[in-house]
Amino acid sequence: MSKSNDELFKQVTSHAKEYGFVFQSSEIYDGLSAVYDYGQLGAELKNNLKTYWWKSMVQLHENIVGIDSAIFMHPKVWKASGHVDGFNDPMIDNKDSKKRYRADQLIEDKITRYQKDGKTAKAEELQNELDAALSSDNLAALKDIIEKHEIVCPVSGTRNWTDVRQFNLMFSTRMGAMAEGSDEVYLRPETAQGIFVNFLNVQKSGRMKIPFGIAQIGKAFRNEVIARQFIMRMREFEQMEMQFFVKPGTEMQWYTYWKEARLKWHIAMGIPAAKYRYHDHAKLAHYANAAVDIEFEFPFGFKEVEGIHSRTDFDLTQHQELSGKKLQYFDTETNQSYVPYVIETSIGLDRLFLLTLCTAYEEQDLSNDEKQDSRTVLHLHPALAPVKAAIFPLTKKDGLPEKAREIMNRLKFDFSLQYDEKDSIGKRYRRQDAIGTPCCITVDHQTLEDNTVTIRHRDSMEQERVAIADLEKLVGDMVSWKNLLL
Ligand code: GAP
């Protein structure tokens with residue numbers, strides 16, 4: 001991370017805490033590693049991001065429906081899905097520092113260092129070696145690479161490594177009153193399986209015809225070996241996933257369709273296309289025959305935010321075998337039954353939240369010949385902003401607060417609002433800029449005479465005089481989901 005990007009990321013994370021977007025979990029007990037809480041504004045922004053995804057995936061697609069399945073599932077689900085046997089990260093311990101690392105991430109860090117030092121050929125060679133070791137699941141090769149490139153432990157600085165071992169990422173607990181004799185259950189590591197096991201329930205009860213999709217938003221849990229970069233890699237996080245069931249043989253066409261559609265969705269938020277890139281998987285997950293990541297350029301480099309996976313008929317076939325229940329679709333046109341193929345789109349809500357904050361954050365210099373001035377502003381899309389409008393009485397007297405409250409009481413059913421009468425108007429504007437509120441409405445003495453107010457816009461900082469009677473429509477048009485979805 002370059003110095004300025006490093007600085008920007010620090011500013012974004014401290015801003016997130018200072019203004020009530022994200023807090024470390026159990027902070028008063030010194031926190032719980034890689035677990036975070038969303039504060040009063042974070043919860044609103046997160047809900048808005050979920051709404052954006054849900055509206056565009058479910059509400060705007062007649063052939064996609066949404067469900068909400070339980071976090072706990074029958075333990076056999078995870079056997080069938082391959083997570084019990086195959087959901088592992090390669091890990092390595094340093095014997096001196098006693099620290100544990102993901103072997104592939106140690107190697108990736110070395111690649112980044114080679115790149116920074118201008119050793120492009122070395123970086124490429126190491127990347128090829130890493131890809132080959134990962135695609136053949138060769139743990140010994142990973143250890144050899146670490147030794148050959150003299151990778152040291154960041155803490156002890158030594159090369160005293162253990163062998164590379166596999167580490168299962170699923171959390172487990174016991175279900176039932178008694179610990180002994182109770183069944184071991186897992187906290188789901190992905191929401192997708194709740195969709196697969198309900199495939200026929202939804203298809204039959206909803207009379208869905210292939211191709212169709214099932215979407216859901218929910219928590220997922222992974223015991224990540226290394227957790228870093230704030231809410232980028234968490235142990236408890238949220239996914240927004242959609243499984244699209246298609247006729248076998250048509251999957252690559254739908255894979256291309258969703259790959260393009262999902263990137264367009266990101267760009268529609270107003271984020272420059274240059275901030276995104278595709279990254280084809282070198283090592284395919286056990287269920288996929290094609291997979292691509294949509295990566296976003298965070299201050300710490302390009303990282304995955306969303307995966308598009310062609311999951312074949314792997315999951316449904318596995319569940320059929322282990323449950324003994326048929327999971328097939330009857331095609332009324334051909335009078336044939338088949339197990340559908342699946343294209344999955346899977347985006348991490350927390351990573352989307354982080355990229356939204358990083359893109360929106362700006363320290364703006366507003367100095368002119370007369371005075372030095374600056375502001376911190378979040379250029380959030382108005383539909384996503386946690387607070388849609390702030391209402392200020394110019395002063396705390398002369399009936400202005402009462403008039404401002406009257407406006408607030410009219411608008412509060414449709415919009416999330418903040419009322420503020422403390423400090424100068426300038427300071428109040430700055431507070432709202434810092435949380436991304438698209439507009440501020442000021443009630444002054446003229447309001448009492450002609451029922452007009454000043455509306456000040458966040459990005460342009462321009463002000464206009466408007467009638468109170470027009471406020472609902474003005475604010476409504478500004479924050480409408482149509483601006484994002486059309
Ligand atoms: N059902 C497919 C699946 O889970 P994945 O690539 O492992 O695929 C999908 O995860 C998305 O979930 C990722 O692109 C990422 O945005 C998010 N994600 C995965 N692990 C995460 C973690 N530990 N913390 C935050 N987000 C995570």
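As the structure lists them, so they are numbered: ligands from 1, and atoms in each ligand from 1.
Which of Ser81, Ala291, Ser346 comes nearest to atom 11 (C) of ligand 1 through a heavy atom is settled by distance: it is Ser346. For the residues Met240, Arg222, Glu190, the heavy atom positioned nearest atom 5 (P) of ligand 1 is part of Arg222.
Gln229 does not count as a contact of ligand 1, since none of its heavy atoms falls under 4.0 Å from the ligand. Under a 4.0 angstrom heavy-atom cut-off, Tyr287 registers as being in contact with ligand 1. Residue contact check for ligand 1: Glu238 places no non-hydrogen atom closer than 4.0 Å to it. Using a 4.0 angstrom heavy-atom cutoff, Arg235 does not count as in contact with ligand 1. Residue-ligand proximity: Val305 is placed with a non-hydrogen atom under 4.0 Å from ligand 1.
The main-chain N or O of Val377 is never found under 3.5 Å from a side-chain atom of Asp433 such that the two would form a donor-acceptor pair. Here the side chain of Tyr114 pairs no donor or acceptor atom with the backbone of Leu126 at under 3.5 angstrom. No donor-acceptor pair under 3.5 Å is formed between the side chain of His309 and the backbone N or O of Ser346. In this structure, Asn168 contributes its side chain and Val84 its backbone to a donor-acceptor pair below 3.5 Å.
The part of Met232 lying near ligand 1 is the backbone, judged by heavy-atom distances below 4.0 Å. Of all the heavy atoms of Arg311, the ones lying under 4.0 Å from any atom of ligand 1 belong exclusively to the side chain.
Phe212 pairs with exactly one of Phe244, Tyr329, Trp254, Phe245 by the ring-ring contact (aromatic ring centres under 6.0 Å, His included) rule, that one being Phe245.
Atoms of ligand 1 lying under 4.0 Å from at least one heavy atom of Glu241, given by number and element, are 1 (N), 2 (C), 3 (C), 4 (O).
Between His309 and ligand 1, not a single N/O pair is under 3.5 Å apart.
Using the six-membered ring where Trp is involved, Trp481 and Tyr52 have ring planes that are parallel, under 30° apart on the 30 and 60° scheme.
The nearest heavy-atom contact from the protein to atom 10 (O) of ligand 1 is Gln239 NE2, 3.4 Å. Protein heavy atom in closest approach to atom 24 (N) of ligand 1: Met234 N, 2.9 Å.
Judged by the 6.0 Å and 45° rule, Arg351 forms no cation-pi pair with Phe296. A cation-pi arrangement is present between Lys46 and Tyr38, with the terminal nitrogen or guanidinium carbon under 6.0 Å from the aromatic centre and inside a 45° cone about the axis.
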